[in-house]
Amino acid sequence: MAKVISEDIGAYYYHHPRVAAIVTAQAKGRQNAMAVAWHTPISFSPPLYGIAVSPKRFTYQLIVQSKEFGVNFLPFEQAELVASVGGSKGEEIDKFRQFDIAQDRPVKTAVPILKAAYAAYECKLIDDKGYGDHRLLVGEVVAVHSLEEAFTPEGILDLAEVSPTLYLGNERYVTASRETIKYLDRKVYGKR
Ligand SMILES: Cc1cc2nc3c(=O)[nH]c(=O)nc-3n(C[C@H](O)[C@H](O)[C@H](O)COP(=O)(O)O)c2cc1C
């Protein structure tokens, strides 16, 4: 098997599956939701979460105006919703009405929280910096909504209960199953 080395970088971000999430925002009476694959925890204390959002997105305008955003994690059965909010523009339609998206009440912000999410974060925007064609929006997580039965006592996702929505790229979605879990204790493996 030959490896190819290329300086023509292309869609490098398709080289690993990513969790597909839905970012929500509201401002001045408008609510919106968009799909994101580029997002990451950044800090444990304080709890910070980063999302890479193009300034062309309607969601970006709402986040800048309200200084808040939500990050919602949907089960694989709801992957179509990720594709729906990722394939439509909040400038043109009310996605909550069009896709019949049910909401839970936020507690520390006014961001929409999706009822179908097995976990969702309410974030207060603390930084907004441009990197290339995207903005890295960093939020402090001020409230976490999570479905109790979706998590094991150690707090990891219980794959017997929930299948996460992963994005392979090029409109392909996939999930993870319990049978593929490997338990590799780093304390043991770090000494081998
Ligand atoms: C699976 C998936 C992942 C996406 N990830 C991102 C992302 O991380 N950042 C981004 O700016 N756009 C991303 N998009 C594109 C936006 O979701 C899309 O442009 C959406 O229509 C923006 O909606 P808005 O204009 O209403 O904000 C993604 C789309 C899909 C389908």
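Whatever order the structure lists ligands and atoms in, that order sets their numbers, starting from 1. Positions are given from 1, in the same order as the sequence printed here.
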Check: With hydrogens left out, which residues have an atom under 4.0 Å from ligand 1, given that only heavy atoms count?
Finding: Asn32, Met34, Ala35, Val36, Ala37, Trp38, Ala52, Val53, Ser54, Arg57, Phe58, Thr59, Val85, Gly86, Ser88, Lys89, Gly90, Lys95, His134, Tyr167, Tyr173
Notebook entry, point to check: Under the criterion side chain to side chain contact (heavy atoms under 4.5 Å, CB included), which of Asn72, Val85, Ile101 is the partner of Thr24?
Noted result: Asn72
Next item on the list: For Asp133, enumerate each residue passing the side chain to side chain contact (heavy atoms under 4.5 Å, CB included) test, keeping only those at least two apart in sequence or located in another chain.
Entry: none
Next item on the list: Inspect the surroundings of CD in Glu7 and state if more than 12 heavy atoms from other residues, nucleotides or ligands are less than 6.0 Å away.
Entry: no
Check: Mind checking what makes side-chain hydrogen bond (donor to acceptor under 3.5 Å, both in side chains) contact with Thr109, not counting sequence neighbours?
Finding: Glu122
Next item on the list: Please list, chain by chain and in numerical order, all residues satisfying side chain to side chain contact (heavy atoms under 4.5 Å, CB included) with Glu148, sequence neighbours excluded.
Entry: none
Check: If you count the non-hydrogen atoms of other residues, nucleotides and ligands that lie under 6.0 Å from CG in Asp185, is the total more than 12?
Finding: yes
